Structures are given as structure tokens and as C-alpha cells.
Chemist: 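Below are the C-alpha cells for one structure; questions will follow.
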There are 2 protein chains.
Amino acid sequence: MTKPATIKDIARKLGISVATVSRALRDAYDVSKETKKLVEETAAAMHYRPNFNATGLVKRSTHKIGIIIPSITNYYFSTVITGIQEYAFEKGYQVILYVTNDSPDWEEKIVRELSPGSIDGMLACITSNTKSFIHFQELIDGGLPIVFFDRFAESLNASRVLQDDYNGACIATEHLIQCGYKKIAHVTGPAKLSLTQNRLKGYLDTLGKHNLKPFGIVHSGFSKEDGIKDVEAILNEKDGPDAIFAVNDRKAIGAILALKSAGIKIGKTIGVIGFTNDPISEIISPALTTIAEPAYEIGRISCELLLRHIQKSNYPIQEIILPTELIVRNSTQILYEP
Amino acid sequence: MTKPATIKDIARKLGISVATVSRALRDAYDVSKETKKLVEETAAAMHYRPNFNATGLVKRSTHKIGIIIPSITNYYFSTVITGIQEYAFEKGYQVILYVTNDSPDWEEKIVRELSPGSIDGMLACITSNTKSFIHFQELIDGGLPIVFFDRFAESLNASRVLQDDYNGACIATEHLIQCGYKKIAHVTGPAKLSLTQNRLKGYLDTLGKHNLKPFGIVHSGFSKEDGIKDVEAILNEKDGPDAIFAVNDRKAIGAILALKSAGIKIGKTIGVIGFTNDPISEIISPALTTIAEPAYEIGRISCELLLRHIQKSNYPIQEIILPTELIVRNSTQILYEP
DNA sequence: TTTATTTTCGATAACGTTCTCGCTACTATT
DNA sequence: AATAGTAGCGAGAACGTTATCGAAAATAAA
């Protein structure tokens, strides 16, 4: 119940002015070594902790950054957040978490209700169907540094950190082709998202390179249930696929479940490849071949970039793309040696 | 780049005092309806947003709460956080996330570096081997409301919200016995944690009730890998178990993987039951029988309780225990009809 | 010495709010 | 008509810190 010690308390105890104490506590060129040391010692003794509200008020900088994200209950997002959190903590920043539940309305509400000076910058990942971006544009216009990750809007002039969706999709499709699969379907995500488009493009381009035709492209959500539904629909068509490239692991899991309950041999009859490298992909049987995304690094690097923008207001806008990696497991198999 | 509007700007524009504007913007008994309406309108027009640093300074209350948690990359924790976040957002509170990585040193450092007045309260889940609790005690002594969830320290006089670990373990063990399993091993967690102790006690008591002997109790970490190791060790003993009760789903998953690679038929030869109801438990094959924890509700209720403590400084300390539920899947089977 | 320069510090005004007074101008009471 | 009460507002201090300006003391240069 004891009130926390302030700079005034230290000043009073030492018989010096608050200004001197303040200087001594920061990087001070303006204060003698003796008083600096003295102040630091008594500050420690009194358990002094700076009041961020006060410093924030005068310096217009709280050491806080915001994360706005559709959800945290999946491997990719929670790992990105972990990366962000760790880097931020190392640099003395605190992280405020905003979860949109993938609802554009919530997203807009959250952004609109932001108090000025409550955060120094923002890490953002938009919902899968954010239609208007003016709320983000207003933040940017207001001078708040924003770095997008994973999902972003082309129209917004802001830095972003992404995995290499296009090449990842190329690698995935190439792998299926090398295995000997020929009729490769793509179970994809929400149409407007750039990551969906890039993975789709990688798929199409790679098929084209090999003179193969695209197959049953279905746009829907990102969930396991979406994967099940989409694959069931594909299976009902007359001419079925012999492989499925899913836009992410959750949908690939759905695909595996759907194929299993249809009694189809996964790998041998129909190959499945995902995207993410969710830990579940090595637990499910057959284990899921997938494209690994560097989620943790994306978090760390996004945060690093954001802090640069915060420190230099004219820091140049960047697009950082991190490589992906093919992880081969049992859901794809070599059908014949070429 | 335009500076955000302040209360002063509104006052100047309307030719009234800042005090009146301030009153008009809050629940004002002291201001006429006309000026109140006028102020609200121009505030909206100028996109006024209150500055939390300033209000926090004078009112000694930021609308922020902290969550300190070992990790966010698992189903239980991320779901609890989701519950917390949603409730907090509904009530106008922001959530600051602190991740300890299950390291007692990080935990202590984070707590020690908290700035006074930077949060109004704290939701906490301790690491699996926090040895000393004085850093939390100091927070409590300093008057900061804290609510613990899932993991807590008996010695700390603070509210807590828990799942019913004891009865959950009883139900789990009882289920195994009803199935016909007789030699039930318990793969458990870090020894000091109360949840470990309660689940262990539930297991022991239920066995005792049926005159069965406990079997191969192994204390280790919470991870899948720990589960694999523990079960491999148990299998190497002369007289093997016919069922395994794991302290959580991740270890149960590890158990299933270990049993599979040992070529043991799960369910028929050895039954497995977990604790959590992680989504992965219905994806793995065989699907995992488990005790479902109300993670989301624990989050919401913890947050609700914390806000009560924040609003009434003498709000009574509570221990809230939420029920669990048995979810039967294929990793346990009825061995014979009694 | 005297002057110039540096080092070290204190006073004071901000930052954007809320809070406590107290003042004015009404309305109600007698 | 006199008093009391009340509604509505403004002035100014406070919250804990940093920033600006200048003053005093110490040192260096002349």
C-alpha cells in the first residue's frame, strides 16, 4: 500500500532538485559522476521505477507497441506473437494485444478507439475480409508507424514482413509434380488476401511450366472444417484429383480427415501438401508434407523493423520476404521413378 | 502528422474552459445538457480521443491489465488469453502481454521492472518451477490487484481461478477403471505445481477407492517429448501398465506416439487418457479420450474477477473452481462388459 | 590577476487530464 | 423582498516527468 517512490522523493532525500535527479537517471552529460552515482544508488534503495504515464506525456512516447491480429489460437499467429514479444521485451518495449476475431468491424472499432500516445507503433495483420483500409490509413496519416505481417493491403503505404508465399507455392507444386502427381487440386483461402493470391499464382505458374491444368480451385476460409468441406466437394466431381495442395496446414488436415473418411489412401492414391508446418502436421497420420514458414522470425523481424520506424520517422518503407522450406513427410509419396 | 485534438482545443474552439469540457466528456452532473451535447459533438467532429497517459497520471488508473504467462503457443494458454482479451475489451480495458518462457528468472525480471501505474491489475500464471514468490508478494503489498489462474502459489494471499483438477483426475481414473483397465500408470507434471499435485491426488484417491495400486508415477515437464520419454521408461519396466493417465494432452500425445512406435495397440492393449481437450486430441489417431478444461471461461472469469478487485480494493479474495468434463474417444475402450 | 569557458545544477514551464474550490446567476422558499 | 439553495461554470493546482533557460561554481586561458 506504500506509494511508489517518485523522482521528487529522491530529490527531497538528497537535497537536490528534481531536474538533477531526472538527468542523473537518464543518459546524462549534464551531471557529475558523483551525484549520478548517488542518485542511482538511492533510487535503487527506494525501489524507484519510472512512471510511464508521466514520461509518456512529456516525451510523447510510451514504450508500448500494439499488435492487432485476427486470432491467437493457432500455431502461426501465436508463434509470430512470441517472436514479437521476445524482441520487444529485449528492447524494453511492452506489447499490447488486440484480437479482432477476424471480424472487420471489430478491427475497425479497435483501431478507431486507439488513444493518442497510448502506443508508439503498431504491428498489424488484417482480417481475411477487411474491405476498407481507411482506419489504417488514418493511423498512418496520424503519424503512427505501422508494420504489417502476413496479411496486408497493397493500397497502404507501409512496411511489411512476409513469408515467400509465391515461391513456397511453387516449391509445393513442383514437389507434387516430381512425385508423379498429375491432377493437382488447390484448396485455397479467402480470395482477396494477397497471400492467397500469391500461393495461387505460384501453383498456377508451376503447373503451367509443366503443361498441367489447374484443378478444382476452391476459395473459402482457413479452418480445418473449410478444408473438409472443400475436399468433399472436390471428391464429388466426376474427374477427381490425385493430389491436393492446401493453402495452409489446417485445411490440409481437413483434407486428410475427409480423404480418410472417404476411405482413400493418402499419399498413394491422393497426395496432400500443406503450408505452415504446424506441429500437428507431424502428429497426424500420415504425417503431413508441408511448406515451413518462419513464423518466429517473422515476429522478431517485424518488431525490429517497427522499432526502426519508431526511432527514425523517415525510415524507408520496406518489404521483407522470408524464405520458406519444404518439409517432406508421408502424405506425399514418390509414385514412380522417372 | 496532425497533432491529435486535446481537451484544450475543444475548449478554445467553444470558448469555454477545459474544466467544463472535461466534465462534459465524463458522466457529468455538473454541466448543462446543452453544453454537454455541444462538447460531445465537437469532440466527435475533431476526432478527439482521450490521452491515457494524462488520465492515468491524475487518476492513477490506466485502463490496462497485464497478463504474465509461461507461453502462448499452446491451446490452453492461448485460449485463456482469448477469453481474457475479449472480456477486457468489452469493459474498455487493454491487455499487456508478458511471456516468461517458463523461466523463473524472466518472470522475476518482468515483475520487478513493472512501472508503477502502468497497469491497474495483473492476471498471472506462474512458471512450472518458480521457487520464490516474493516478487509477486511485493506487487500485492504494493496494492496491485492480482488474480492467478491455472498455476498459483498457496502462500500468496490472492484470488485464483482454476479448473477442477482433483475431480477431473478422479473422473479420468474412474473412467479407466470402468473400462476395465487395472494397471493404471500416471505420467505427471512438475512436482511443485498444485495442479500436478491435485491431479495426482485425484488419481491416487480413486485408485484407492477401488483397491488398485498406483503405477509408475513419473514427474517431468509438460511437453510432448516429456511424454514420449516417460512412457518409454515405463515400458522398459518389467511389469507394464495397461493404461496411462497423462497430466495433459501434450504428454498424452507423446504417450500415443511412443506406444505406436513400440507397436502397441492403443485402447485395446493400453488405454490412454489426457487432460485439456486440445483440438489435436480429436485429430490424432486413435482420437484421444480426455478431460476437457474450460479454458475460455477461465480467461473470462479471471478477468471479470480481476476487474472487481480493481474496482473495489477490499473485494474479498476468492478461489473459483470450474468443472471439467470427460470426453470419450478411441484411445480408451471398454475391455469387457462387467 | 582578469576574462572566457566549461561543468554542474536549480527554477520553471510544459505535457493533457482531473479535481477542488469558489464564484456567479438563477430558482425556490419563506 | 429577503434569504437560502442550486445549477453551471472557470481558475488553478496537481499527477510525475522532461526540457529550456539561465545562474553559480569551477576551471582554463589570457
Side-chain angles (χ1 to χ4, degrees), chain A residues 2-40 42-43 46-64 92 114-120 142-143, chain B residues 2-40 42-43 46-64 92 114-120 142-143:
Chain A
T2 45
K3 300 268 168 295
T6 76
I7 230 173
K8 287 185 187 173
D9 299 326
I10 301 177
R12 198 176 313 123
K13 178 161 230 167
L14 260 49
I16 59 180
S17 77
V18 291
T20 305
V21 177
S22 173
R23 272 183 292 236
L25 256 22
R26 290 168 286 147
D27 288 334
Y29 69 105
D30 223 16
V31 69
S32 72
K33 277 179 212 156
E34 297 81 34
T35 48
K36 184 175 156 100
K37 195 178 171 191
L38 202 61
V39 167
E40 280 170 348
T42 57
M46 299 173 75
H47 295 107
Y48 169 76
R49 305 264 73 227
N51 184 310
F52 288 161
N53 288 317
T55 60
L57 236 199
V58 28
K59 302 227 294 185
R60 285 185 169 64
S61 100
T62 66
H63 266 197
K64 297 191 192 359
L114 277 181
S115 151
S118 75
I119 53 175
D120 293 350
Chain B
T2 47
K3 300 268 169 298
T6 76
I7 230 173
K8 287 186 188 175
D9 299 325
I10 301 177
R12 200 175 313 122
K13 179 160 230 168
L14 259 48
I16 58 179
S17 77
V18 291
T20 306
V21 176
S22 173
R23 272 183 291 236
L25 257 22
R26 292 167 285 144
D27 288 334
Y29 69 106
D30 222 16
V31 69
S32 72
K33 278 179 209 156
E34 296 79 36
T35 48
K36 183 174 158 100
K37 195 178 172 192
L38 202 61
V39 168
E40 281 171 346
T42 58
M46 298 172 77
H47 295 108
Y48 169 76
R49 304 264 73 225
N51 184 310
F52 287 162
N53 288 317
T55 59
L57 235 199
V58 27
K59 302 226 294 184
R60 288 187 166 63
S61 100
T62 66
H63 266 199
K64 296 191 193 358
L114 277 181
S115 152
S118 75
I119 52 175
D120 294 350

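The chains referred to below are lettered A, B, ... by the order of the sequence lines, with proteins before strands, and numbering in each begins at 1. Only a predicted model underlies this, so the values are computations on that prediction, with no experimental measurement involved.
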Chemist: A side-chain contact here means heavy atoms from C-beta on lying under 4.5 Å apart; do Val21(A) and Leu14(A) qualify?
Modeler: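 No. Closest side-chain heavy atoms not under 4.5 Å.
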Chemist: With a cut-off of less than 4.0 Å, is there a side-chain N or O of Arg60(A) near OP1 or OP2 of dT18(D)?
Modeler: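 Negative; the distance criterion is not met.
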Chemist: With nearest nucleotides of DNA chain D determined for Val21(B) and Leu57(B) from heavy-atom distances, which residue corresponds to the more 5′ nucleotide?
Modeler: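 Nearer the 5' end of the strand: Val21(B).
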Chemist: Taking all non-hydrogen atoms of both residues into account, name the closest pair between Val58(B) and Ala54(B) and its distance.
Modeler: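 Nearest heavy atoms, Val58(B) then Ala54(B): CG1-O, 3.0 Å.
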Chemist: Once salt bridge (charged side-chain N to carboxylate O under 4.0 Å, His left out) is applied, what residue pairs with a partner in residues 10-20 of chain B remain, sequence neighbours excluded?
Modeler: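 Passing the test, one end in residues 10-20 of chain B: Asp9(B)-Arg12(B).
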Chemist: Using atom CG of Leu38(B) as one end and atom P of dG8(D) as the other, report the distance to the nearest whole Å.
Modeler: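 Rounded to whole Å, this separation is 15 Å.
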Chemist: Please confirm whether the shortest side-chain N or O distance from Ser17(B) to OP1 or OP2 of dA11(D) is below 4.0 Å.
Modeler: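 Answer no for this pair, as no side-chain N or O of Ser17(B) is under 4.0 Å from OP1 or OP2.
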Chemist: Nearest 0.5 Å please: distance from the CZ atom of Phe52(B) over to the CG atom of Leu114(A).
Modeler: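 If we round to the nearest 0.5 Å, Phe52(B):CZ and Leu114(A):CG are 8.5 Å apart.
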Chemist: Can you name the nearest heavy-atom pair linking Glu40(A) to Ala24(A), along with the distance?
Modeler: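 Nearest heavy atoms, Glu40(A) then Ala24(A): OE2-O, 4.1 Å.
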Chemist: Is there side-chain contact between Ile16(B) and Val39(B), with heavy atoms separated by less than 4.5 Å?
Modeler: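 The answer is yes; the side chains approach within 4.5 Å.
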Chemist: I need the Asn53(B) CG to Lys64(A) NZ distance, nearest 0.5 Å.
Modeler: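 Answer for the CG-NZ pair, Asn53(B) versus Lys64(A), is 7.5 Å.
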Chemist: CG of Leu14(B) versus P of dC9(D): gap in Å, rounded?
Modeler: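 Going from Leu14(B) (CG) to dC9(D) (P), I get 11 Å.
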Chemist: Which of residues 46-55 of chain B sit near DNA chain D, with a heavy atom under 4.0 Å from it?
Modeler: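 Those residues: none at all.
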Chemist: As an exercise, state the distance from CD1 of Ile119(A) to OG1 of Thr62(A), rounded to the nearest 0.5 Å.
Modeler: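 Rounded to the nearest 0.5 Å, the CD1-OG1 separation comes to 7.5 Å.
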Chemist: What is the bend of the helix from dT1(C)-dA30(D) to dT30(C)-dA1(D) when you compare the axis at one end with the axis at the other, using five pairs each and rounding to 10°?
Modeler: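 The end axes of the helix from dT1(C)-dA30(D) to dT30(C)-dA1(D) are about 40° apart, to the nearest 10°.
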Chemist: Quick one: side chain to side chain donor-acceptor pair (under 3.5 Å) partners of Thr55(B), sequence neighbours excluded?
Modeler: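 Applying side chain to side chain donor-acceptor pair (under 3.5 Å) to Thr55(B) gives none.
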Chemist: With Ile7(A), which of Leu25(A), Asn51(A), Thr20(A) fulfils side chain to side chain contact (heavy atoms under 4.5 Å, CB included)?
Modeler: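 With Ile7(A) as partner, Leu25(A), Asn51(A), Thr20(A) yield a single side chain to side chain contact (heavy atoms under 4.5 Å, CB included), made by Leu25(A).
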Chemist: First and last nucleotide of DNA chain C touching chain A, 5' to 3', heavy-atom cut-off 4.0 Å?
Modeler: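 Contact span on the strand: dT8(C) to dG16(C).
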Chemist: Could you pull out the closest heavy-atom pair between Pro50(A) and Ser115(B), with the gap in Å?
Modeler: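 So the two residues come closest at O-OG, 2.7 Å.
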Chemist: How many angstroms lie between OG in Ser22(A) and NZ in Lys8(A), if you round to the nearest 0.5 Å?
Modeler: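 Result: 12.5 Å between the selected atoms.
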Chemist: Find the distance Lys8(B):NZ to dA11(D):P and express it as a whole number of Å.
Modeler: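 In whole Å, dA11(D) P lies 13 Å from Lys8(B) NZ.
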Chemist: What is the distance, rounded to the nearest whole Å, between atom CD1 of Ile7(A) and atom C1' of dC15(D)?
Modeler: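 Nearest whole value for this atom pair: 13 Å.
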Chemist: At under 4.0 Å between heavy atoms, how does the protein contact nucleotides 19-27 of chain D? Give one character per nucleotide, 5' to 3', with B, S or -.
Modeler: BB-------
